[in-house]
Amino acid sequence: MASVVGVLAIWQISVEFVEADVLPAPYLVLRSLIYHTGDGELLFHVGVTLIRVLISFTLAMAFGVTLGIIMGRFKQWDAALDGILVLALNLPALVIIILCYLWFGLGEFAAILAVTINKFPIVVVNMREGARAVDQDLLQVSEVFRLSSRRRLFQVYLPQLYPYLLSSARSGLALVWKIVLVVELLGRSDGVGFKLGIFFQFFDIASILAYSFAFIIVVMAIEYRLIVPLERRLTVWRT
Amino acid sequence: MIQIDISSKTYPQDHVQTNLCVLQDVHFNIKSGEFCCIVGPSGSGKTTLLNLISGLDKNLKGSILINGEAPTEGAVPGYMFQSSRLMPWLTVRENVTLVLQKGASEERVDDLLHEVGLNDFADVYPKHLSGGMRRRVALARAIITEPPLLLLDEPFLSLDASIANHLRRQLIDICERRSTTVVFVTHDLREALYLADRVLFLSSRPGKIVLDHFVEIQRPRVPEG
């Protein structure tokens, strides 16, 4: 809370030294935020962006976790796919986005695909690390007591991967947010990224900041309402 | 009955071409209900022998049969490893319940935790237990299913002497009641003589049986001195 007040104070002071067009005062941004919320537009675009984030995040996590575990567990798969993985990790996000739009058209499918491809390799790397670090001694316990495959998976195997899963989810969400905006800016006609592009053309800094704040509030809410409680629940045994 | 016929058990070695031979020409049978202690110096293959009997390790020259079947075919054994190997994300009770069949009575878990003196710790995570307490949880996990075959790898090592003696008496009691077959690895000869119907002595590596001794002392035996 103190940091928020600090930022606001510095902002207010800075406003005195620059032109109002370049850095509008906090109350102007708040007014803009209320205005954009009032006509329902802001909520619509934030909602659209949120849906894109959720779909591509879920896809990237699902495929990334599966492939990561396979690569961490089976050396042949790791050897076969490692080269492609390094390539995918180093491809600039912009190149992936542009190619997706060129190949699949300026549609929803291309947008989601571009975000998913950007995020996916990082999940794979993270989960591969996790799968490699799995404690063989504990797996032997499940083997000798002949636990059902369900128990083996949910009570012995996966809990060892939860820390990796959580860190993938957290860093993943942060990355997906950023890339979704770029994807929207470049090729969609709705969403926060699209709106920011419009305000950019009109040099409307107050609206840009208003949208950014609305967006930050949603991201923080997801972090503290969803991810932090989930993390606490999954790692309660460590404390 | 367990029939053990090992002509050799070797491990591949890193950076060296030749294999390391851990057990050689180990042939013996264990009768059902027999309490059998394996004694030997470090590296004589005691733990390897347990891993072979449990079916965790299937890679050997020779054969191991439990009631005529391969180790992984018949009844599930109880195994207490040298380290406790508890799941850190499960509480004490959950760790023990983990190996029970679905729908099995969980009341027994609480009774057993009481027997090993951990009833106050049932809902605690292993992180908060001392080493000795963790071993007791591991012991409870090994015996909760009342297995016909119990494999114990130095179960009372580093335990408080009085707790260890208490647990030894309980173990004998449980095993006699259920006529459990026990293979108990230790390097403490006194412990072996206190517990076992029969003590097998392994030589240093590669382990061979150097002495097969039946203990004819009536129970209850006097633990010390």
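What you are looking at is a predicted structure, and each value in this text was computed from that prediction instead of being measured. Throughout, protein chains are lettered first and strands after them, A, B, ... in sequence-line order, and every chain is numbered starting at 1.
- Taking a 6.0 Å sphere around CZ of B/Arg205, one finds it holds 12 or fewer heavy atoms contributed by other residues, nucleotides or ligands.
- Within residues 70-90 of chain B, the residues having any heavy atom under 4.5 Å from a heavy atom of chain A are, by residue number, B/Pro71, B/Thr72, B/Glu73, B/Gly74, B/Ala75, B/Val76, B/Pro77, B/Gly78, B/Tyr79, B/Phe81, B/Arg85, B/Leu86, B/Met87, B/Pro88, B/Trp89, B/Leu90.
- Annotation for B/Lys58: atom NZ counts as buried by contact number, over 12 foreign heavy atoms lying within 6.0 Å.
- Summarising the geometry, atom CZ belonging to A/Arg146 is positioned 10.5 Å from atom CD belonging to B/Gln101; distances are rounded to the nearest 0.5 Å.
- By the neighbour-count criterion of 12 heavy atoms within 6.0 Å, atom CH2 of A/Trp77 is sparsely surrounded, having that number or fewer from other residues, nucleotides or ligands.
- Interface residues of residues 110-130 of chain B toward chain A, defined by a heavy-atom distance below 4.5 Å and sorted by number: B/Tyr125, B/Lys127, B/His128.
- The residue among A/Gln140, A/Gln160, A/Glu143 with the most heavy atom pairs within less than 4.5 Å of chain B is A/Gln140.
- Within 6.0 Å of CZ in A/Arg232 there are 12 or fewer heavy atoms belonging to other residues, nucleotides or ligands.
- When the shell of 6.0 Å around CZ of A/Phe63 is examined, it contains 12 or fewer heavy atoms from other residues, nucleotides or ligands.
- Using a 4.5 Å cut-off between heavy atoms, B/Glu94 makes no contact with chain A at all.
- Contact annotation for A/Leu138: both backbone and side-chain heavy atoms come within less than 4.5 Å of a heavy atom of chain B.
- Rounded to the nearest 0.5 angstrom, B/Leu100 CG and A/Arg151 CZ are separated by 7.5 Å.
- When all heavy atoms of A/Leu147 and B/Leu98 are compared, the closest pair comes out as CD2-O, 3.6 Å.
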